[in-house]
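Quick notes on the structure that follows.
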Amino acid sequence: MSTLTLPAVRPVRRRPARAWLHTAVGILLVAVMLFPVYWMLNASLAPAGNSLNTGWLPLDPDFSGYSRALADQGQNLLTSLIVAIGACLLSLAIAAPCAYALAQLRIKGTGVLLFVVLISQMIPGIVIANALYTVYTPLGMINSIPGLILADASQGIPFAILIMRASLETFPTSIVEAARIDGCGHVRAFWSVVLPVSRNSLITAGIFSFLFAWSDFLMALTLTTGETIRPVTLGLYTYIGTNDTDWSAVMSTAVLSSLPAVILMIIAQKYVAAGATGGAVK
Amino acid sequence: MTAHQTDRRRSRRRDLMVRCAFVLPAALYMLAFFGYPIVKNLVMSFQAYDFSTFFNGRAPFIGLDNYAATLTDPIFLRALGNTGLFTLGSLAGQFVLGLALALYFRRRFPLSGLLRSLLLLPWLLPMIVSAAVWRWILEQDNGALNRFLEGLGLISDPIPWLNSSDTALIAVILVNIWLGIPFNVVLLHSGLQAIPEEVYEAGALDGATGARSFAHLTLPLLRPVVSVVLLLGVIYTIKVLDLIIGLTGGGPANATQTLATRSYEMSFVEFDFGQGAALSNVLIAIALAFSIVYLRANARAAKNG
């Protein structure tokens with residue numbers, strides 16, 4: 001070190017202040033975008049009734065909306081949970097082997113399947129609902145949990161196949177081959193080599209299959225008729241339809257129906273972000 | 001043929017069967033839950049398939065009657081026009097605002113990643129939840145929007161957003177724009193990230209900064225992603241049903257009726273599955289036309305990117 005001390009040449013540091021200004025504007029933009037979500041939370045904490053004077057802030061939170069929502073919709077929330085978990089497991093069980101085969105095992109004619117999967121995502125749900133109703137009715141599958149699981153998986157399966165195939169495309173074939181040389185059968189190689197390595201895309205596919213089924217409204221609307229088996233999306237809809245709408249109970253139900261999405265976004269942000277882009281551009 | 005050869009052939013055949021077994025469940029599912037419904041819709045659209053069919057199983061073929069009835073129905077024309085307006089309006093709004101947000105969040109600043117992922121939330125919520133929340137916000141007497149506008153003195157009388165046939169379609173489009181922004185932001189943002197920094201540095205040397213660099217560098221390089229975003233937007237928007245059913249139910253006086261909601265109404269409210277199927281086939285035809293364009297654009301984007 002030299003004995004001569006020069007005043008330290010400091011780089012012009014305008015950046016931090018400006019960067020924080022960007023942050024402030026960014027927060028404002030996000031706040032505007034998420035206002036409806038805030039408003040849902042705020043209204044859910046308002047006292048029961050048709051809320052003539054909901055304040056802008058929940059200064060005096062009232063949880064009676066939630067107790068009514070749980071009393072009226074608790075069963076429906078449970079139905080949704082069972083259907084969504086079922087559809088998620090079914091989607092993964094069907095999609096994972098298929099994605100592996102499409103990406104790694106060269107089988108004649110599977111290109112057609114991939115094309116069909118791509119196109120299937122663009123088929124309007126009402127087409128499927130129309131036809132399923134006419135088949136479900138004679139089979140006694142209207143108002144049934146398996147019926148809803150099978151129908152709801154129609155969104156999860158194509159999506160899961162595409163997401164997992166994309167990640168398995170880059171999976172080195174040599175690893176599977178090495179396992180095969182070591183005497184692994186196809187099934188064994190898939191189960192104990194491929195699946196563990198493709199954990200990330202499996203989780204992404206699972207999360208979205210779950211959310212698709214949890215959010216489903218059309219199949220619930222068309223394939224159920226009574227109150228016994230009623231997913232919460234349909235429960236919420238019938239709630240709004242009543243003449244004397246109790247908005248705090250409606251909004252409490254809306255908050256409860258949003259929980260899975262919010263929880264998954266917080267604990268599995270990485271996977272959610274991967275799924276958001278993965279389905280479209282590949 | 002030696003025993004050894006037969007053995008080998010047998011094991012090869014076994015191997016093929018095992019490999020096919022991986023695809024089989026998915027193939028069967030696709031056949032049952034996509035293939036069959038499409039065929040069934042096609043067949044039903046030529047049948048008198050209504051309430052009585054579910055009792056006596058009779059669905060006589062009636063040729064093109066369902067299509068004739070559909071095409072001459074004034075509500076169909078209304079629904080077709082609304083579908084066009086809904087799709088165009090939604091797409092324009094989602095894209096412009098989505099691109100603006102994507103450009104804003106391209107900069108690096110503290111918390112930018114967190115804020116960007118928070119923007120995704122509206123997209124992850126069940127659509128019917130969004131419909132319920134917006135119904136409450138747009139409510140005429142106590143809704144937040146009217147209260148806000150009245151507070152600012154912009155309006156003197158509350159606007160019946162969802163209850164007037166003049167404003168209902170606009171309100172539904174605005175809500176759908178809000179719903180679609182996250183999707184646009186995510187895809188456009190990842191498209192922007194893929195443009196290398198050097199391009200802008202080289203552009204800056206040639207005097208392309210600010211608006212000029214956006215017009216001459218960003219937009220042309222983003223084009224493949226833009227076409228994918230817009231085409232997927234069309235495909236997703238024309239089939240939107242939950243939101244409209246939840247907000248207005250297609251009303252008032254069919255002001256927000258679209259092909260998708262009308263098809264639902266025909267089949268499940270009026271129990272005329274024949275006409276419902278004819279309508280949804282019109283919807284499929286439009287969706288498929290855009291899908292083919294999309295798949296081509298996507299293949300091009302993949303090749304260039």
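Chain letters run A, B, ... following the sequence lines, proteins first and then strands; every chain starts at 1. All figures in this text were calculated on a predicted structure; none of them were measured in a lab.
Listed here is the closest heavy atom pair of Met265(A) and Ser117(B): CE-O, 3.5 Å. Between Leu113(A) and Ala27(B), the closest heavy-atom pair is CD1-CA, 4.1 Å. The nearest pair of heavy atoms linking Met33(A) to Trp178(B) is O-NE1, 2.7 Å. When all heavy atoms are compared, the tightest approach of Gln121(A) to Lys239(B) is O-NZ, 2.9 Å. The minimum heavy-atom distance linking Tyr104(B) with Gly26(A) is given by the pair OH-N, 3.6 Å. The shortest non-hydrogen separation linking Ile157(A) to Met30(B) is CG2-SD, 4.5 Å.
For chain B, the nearby part of Thr137(A) is the side chain; its heavy atoms alone come within less than 4.5 Å. Neither the backbone nor the side chain of Leu234(A) comes within less than 4.5 Å of any heavy atom in chain B. Looking at Phe115(A), only its side chain comes within 4.5 Å of chain B, counting heavy atoms on both sides. For a residue to count as touching a neighbouring chain, one of its non-hydrogen atoms must lie under 4.5 Å from one of that chain's; by this rule Leu118(B) touches chain A with backbone and side chain alike. Neither the backbone nor the side chain of Thr253(A) comes within less than 4.5 Å of any heavy atom in chain B.
With hydrogens and angles ignored, the 3.5 Å screen pairs a side-chain donor or acceptor of Tyr29(B) with a backbone N or O of Ser154(A). The main-chain N or O of Val127(A) is never found under 3.5 Å from a side-chain atom of Ser280(B) such that the two would form a donor-acceptor pair.
Distance CD1/Ile126(A) to CZ/Arg262(B): 12.5 Å, rounded to 0.5 Å.
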Kindly determine whether Thr233(A) and Asp242(B) satisfy side chain to side chain contact (heavy atoms under 4.5 Å, CB included), including the steps that lead there. CA-CA 10 Å; Thr233(A) 45; Asp242(B) 311 21; over 6 Å; no

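For the pair Phe33(B) and Ile123(A), the minimum side-chain heavy-atom distance is 4.5 Å or more. Side-chain atoms of Phe217(A) and Pro126(B), non-hydrogen and from C-beta on, never get closer than 4.5 Å to each other. Inter-residue side-chain proximity for Pro124(A) and Ile238(B) is flagged as unmet; no heavy-atom pair is nearer than 4.5 Å.
Trp247(A) and Trp136(B) have parallel rings, their planes meeting at less than 30° on a 0 to 90° scale where 60° marks the start of perpendicular. Relative ring orientation between Phe273(B) and Tyr133(A) is described as parallel, the plane-to-plane angle staying below 30° on a 0-90° scale split at 30° and 60°.
For the side chain to side chain contact (heavy atoms under 4.5 Å, CB included) test with Leu124(B), the passing option among Ile207(A), Leu264(A), Leu211(A) is Leu211(A); the others fail.
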